[in-house]
Visitor: 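This is the structure I have questions about; it appears just below.
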2 protein chains.
Amino acid sequence: MVARERLSVRKLAAGEAVFRQGDRAAAVYVVQSGRIRLLRHLEDGSSVSVYVARPGDSFAEASLWAESYHCDGLADVPSVITAIPKSDLLGVLEDNPQAAMALARILAAQVRISRSSLELRNIRSARERLLAWIRLQAEGAPPTVVLDRPWTQIAAELGLTHEVIYRTLAALQGEGQITRTVRGIALAGPPITGQR
Amino acid sequence: MVARERLSVRKLAAGEAVFRQGDRAAAVYVVQSGRIRLLRHLEDGSSVSVYVARPGDSFAEASLWAESYHCDGLADVPSVITAIPKSDLLGVLEDNPQAAMALARILAAQVRISRSSLELRNIRSARERLLAWIRLQAEGAPPTVVLDRPWTQIAAELGLTHEVIYRTLAALQGEGQITRTVRGIALAGPPITGQR
DNA sequence: CGAAACGTTGACCGTTTTCAATTACAGTGG
DNA sequence: CCACTGTAATTGAAAACGGTCAACGTTTCG
């Protein structure tokens, strides 16, 4: 592992930059709190948001292999991040095949997660999308989801407005598809019929 | 490296499958020529295009740690690919940190691609979404996109119907935001003014 | 040469977004 | 312990936008 004392913590005000497109790539970051937006600038002056890192997300991993950052990293809101110096991380990876493999594995998992979010987004109907999300999150019998953050946030992740979420939730409950509890929901839908 | 004789080459006709969702994961692939599209199927019969591998790109790396493929691999056009047996590759990665690093690098790139698709999907408006996509793809001055596949396919990747794409394209052109050429588009509009 | 797939455009319909208003809370400082 | 403030949860009504269906010209490719 990278020694604890090599990590540094940075606090950013809303609108402050972690780094700018073109800066020498020096570290990989992890968001502790707040929100960091990666922005790519075009020759004509316009810009596109390329990724939004939320608490727990890492960002600028690609800088490990790049000379300089290829986008801006801006704090949308007041944020706290941890910086892992690039050279330290590279050092560990180079003489520890286990570590490199572990990293590859983590990245592969991220690819899968990210792709499955994409899959969810491809479901047009709000109703089906929400249902699919619940099914993905649900665990146990009966399948239950424990909510650890406000619906309002989940709505955004699903690419829907919170209003639709509430409405849909109400509808699903009305149909008896789900049951809502204090901080969770349980699937009550028709079990998958017999064998074959 | 994996011994040359362990690699096998496969030629695929347009539309042919490299593997199907659920098949036992046996190899990682590299595209020599053509184009391979990874497609994930949903229960309702619809599907999402999850990644497009072009010459030089590898695909199905995640299968290294998975029992079976979680999506279809289809040749869009006649293609030639090399298959690297999973076990051989794992062997190399375990005692060659360089190789493991290289893999991590590739995966990091894929994470970036996937995240950026997700970011695109977060844009509600068809108009803004398409514009953002164009900006992402565009290169040079003036920023230009060269199309290598039908709009109909791009539409699906953007999560829009082709009709909307055509309409929006027409609208954007009418406003002078873009200029359409034979197999490409150029950004011509005034840049979006402010930051944030 | 003919069948598919692609490109394009119009009209209409339905779902989601938007805007708005209200209630329920959780945290905060007096 | 209680107003005070901001976020979350809800629900309604109307507008907007994208989906769907349809029809037709064009290009591609076997």
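Just so we're on the same page: letters track the sequence lines, and every chain starts at 1.
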Visitor: In whole Å, I'd like the distance from the OH atom of A/Tyr166 to the P atom of D/dG12.
Guide: 15 Å
Visitor: Provide, to the nearest angstrom, the distance between the CZ atom belonging to B/Arg180 and the P atom belonging to C/dG7.
Guide: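 Taking CZ of B/Arg180 and P of C/dG7, I get 9 Å after rounding.
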Visitor: For A/Phe59 and A/Tyr29, take the angle between the two ring planes, folded into 0 to 90°, and tell me which bin it lands in: parallel under 30, tilted 30 to 60, perpendicular over 60.
Guide: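 Rings of A/Phe59 and A/Tyr29: parallel, as their planes differ by under 30°.
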Visitor: Please tell me if the side chains of B/Arg35 and B/Val77 come closer than 4.5 Å, counting only heavy atoms from C-beta onward.
Guide: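 B/Arg35 reaches B/Val77 side chain to side chain.
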Visitor: Tell me the interatomic distance from B/Ile154, atom CD1, to C/dG7, atom P, rounded to whole angstroms.
Guide: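 Going from B/Ile154 (CD1) to C/dG7 (P), I get 8 Å.
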Visitor: A/Asn122 CG to D/dG19 C1': how many Å, rounded?
Guide: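 Computing the A/Asn122:CG to D/dG19:C1' distance gives 14 Å.
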Visitor: What N/O pairs connect the protein and nucleotides 18-21 of chain C at under 3.5 Å? Give each pair on its own line.
Guide:
residue: C/dT18; atom: O4; partner: A/Arg167; partner atom: NH2; Å: 2.9
residue: C/dC19; atom: N4; partner: A/Glu163; partner atom: OE2; Å: 3.2

Visitor: Measure the OG-CZ distance between B/Ser63 and A/Arg112 for me, rounded to the nearest 0.5 Å.
Guide: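 CZ of A/Arg112 is found 9.5 Å from OG of B/Ser63.
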Visitor: In whole Å, I'd like the distance from the CG atom of A/Leu169 to the P atom of D/dA9.
Guide: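 Interatomic distance, CG of A/Leu169 to P of D/dA9: 10 Å.
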Visitor: Keeping the roles fixed (side chain from A/Tyr166, backbone from A/Trp151), state whether a donor-acceptor pair exists under 3.5 Å.
Guide: no
Visitor: Is the number of heavy atoms from other residues, nucleotides or ligands under 6.0 Å of A/Arg24 CZ greater than 12?
Guide: no
Visitor: Do you know which of A/Arg121, A/Arg54, A/Arg149 makes side chain to side chain donor-acceptor pair (under 3.5 Å) with A/Glu157?
Guide: A/Arg149
Visitor: Using 0.5 Å steps for rounding, measure from the CZ atom of A/Phe19 to the CG atom of A/Asp72.
Guide: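 One finds 8.0 Å between CZ of A/Phe19 and CG of A/Asp72.
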Visitor: Looking at D/dA9, C/dT16, D/dG18, which one has an atom nearest to any side-chain atom of A/Ser125?
Guide: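 So the nucleotide nearest the side chain must be C/dT16.
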Visitor: A/Arg183 near the nucleic acid: base, sugar-phosphate alone, or nothing, with a heavy-atom cut-off under 4.0 Å?
Guide: nothing
Visitor: Figure out the CD/C1' separation between A/Glu128 and C/dT15, and round it to whole Å.
Guide: 13 Å
Visitor: Within this structure, what is the CG-to-C1' distance between B/Leu130 and D/dC17, rounded to whole angstrom?
Guide: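 That distance rounds to 15 Å.
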Visitor: What integer distance in Å separates B/Arg129:CZ from D/dG19:C1'?
Guide: 13 Å
Visitor: Any base atoms under 4.0 Å from A/Arg149, or only sugar-phosphate, or nothing? Heavy atoms, all strands.
Guide: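 Counting heavy atoms under 4.0 Å across all strands, no contact is made by A/Arg149.
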